[in-house]
Amino acid sequence: MIDVLFFAELQEAAGKANMTIDAAGITVSDLKTNYLNELAIENIDQAMVAINEEYAEEDSIIKSGDVIAFIPPVSGG
């Protein structure tokens, strides 16, 4: 199982702070396409992704037990 966490406006868009899925062996990109599209999170492609608290790339492979965090881009002045 994989824990997926959403932060800030992504949490509001998803309607939940986290979810657990059974999807080991897929990439971050696959996670977005196969699981998160159903949540219709508008800015998910612009979010930073971390696997087990380390930033990850779109082609990073997700393993069972990983914690995946989606962090929205920060803006401000």
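For the numbers below, each heavy atom of this structure counts, side chains included, while hydrogens, waters and symmetry mates do not.
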Open item on the list: Strictly by side chain to side chain donor-acceptor pair (under 3.5 Å), give each pair with a member in residues 38-53 just once, sequence neighbours left out.
Closed with: Asn52-Asp66

Task: Residues that Gln11 engages under side-chain contact (heavy atoms from CB on, under 4.5 Å), provided they are two or more places apart - done: Phe6, Ala17

Task: Minimum heavy-atom distance between Pro72 and Ala8, given as atom pair plus value - done: CG-CB, 3.6 Å

Open item on the list: With heavy-atom distances below 4.5 Å as the criterion, would you say the side chains of Leu5 and Phe70 are in contact?
Closed with: no

Task: Cluster link Leu39 to Ile68, ILVMFWY, side chain under 4.5 Å - done: yes

Open item on the list: Do Met48 and Phe7 land in one hydrophobic cluster if side-chain heavy atoms of ILVMFWY residues count as linked below 4.5 Å?
Closed with: yes

- [ ] Kindly work out whether a path of hydrophobic side-chain contacts (I/L/V/M/F/W/Y, heavy atoms less than 4.5 Å apart) joins Met19 to Ile44.
- [x] yes

- [ ] Could you name each residue pair satisfying salt bridge (Lys or Arg N to Asp or Glu O under 4.0 Å) that touches residues 6-28, not counting sequence neighbours?
- [x] none

- [ ] Indicate yes or no: at least one non-hydrogen side-chain atom of Leu31 is less than 4.5 angstrom from one of Ile21.
- [x] yes

Task: Non-neighbouring partners of Thr20 that pass side-chain contact (heavy atoms from CB on, under 4.5 Å), sequence neighbours left out - done: Met1, Asp3

Hey, can you pull the donor-acceptor pairs under 3.5 Å for the side chains in residues 56-63, sequence neighbours left out?
{"from": "Glu58", "atom 1": "OE2", "to": "Lys32", "atom 2": "NZ", "distance (Å)": "2.5"}
{"from": "Ser60", "atom 1": "OG", "to": "Glu57", "atom 2": "N", "distance (Å)": "3.0"}
{"from": "Ser60", "atom 1": "OG", "to": "Glu57", "atom 2": "O", "distance (Å)": "3.1"}

Task: Heavy-atom side-chain contact between Ile26 and Tyr35 under 4.5 Å - done: yes

Task: Residues which pass side-chain contact (heavy atoms from CB on, under 4.5 Å) with Asn34, listed by chain and number, not counting sequence neighbours - done: Asp30

Task: For the student: nearest non-hydrogen atoms of Ile41 and Ala14, plus distance - done: CD1-CB, 3.7 Å

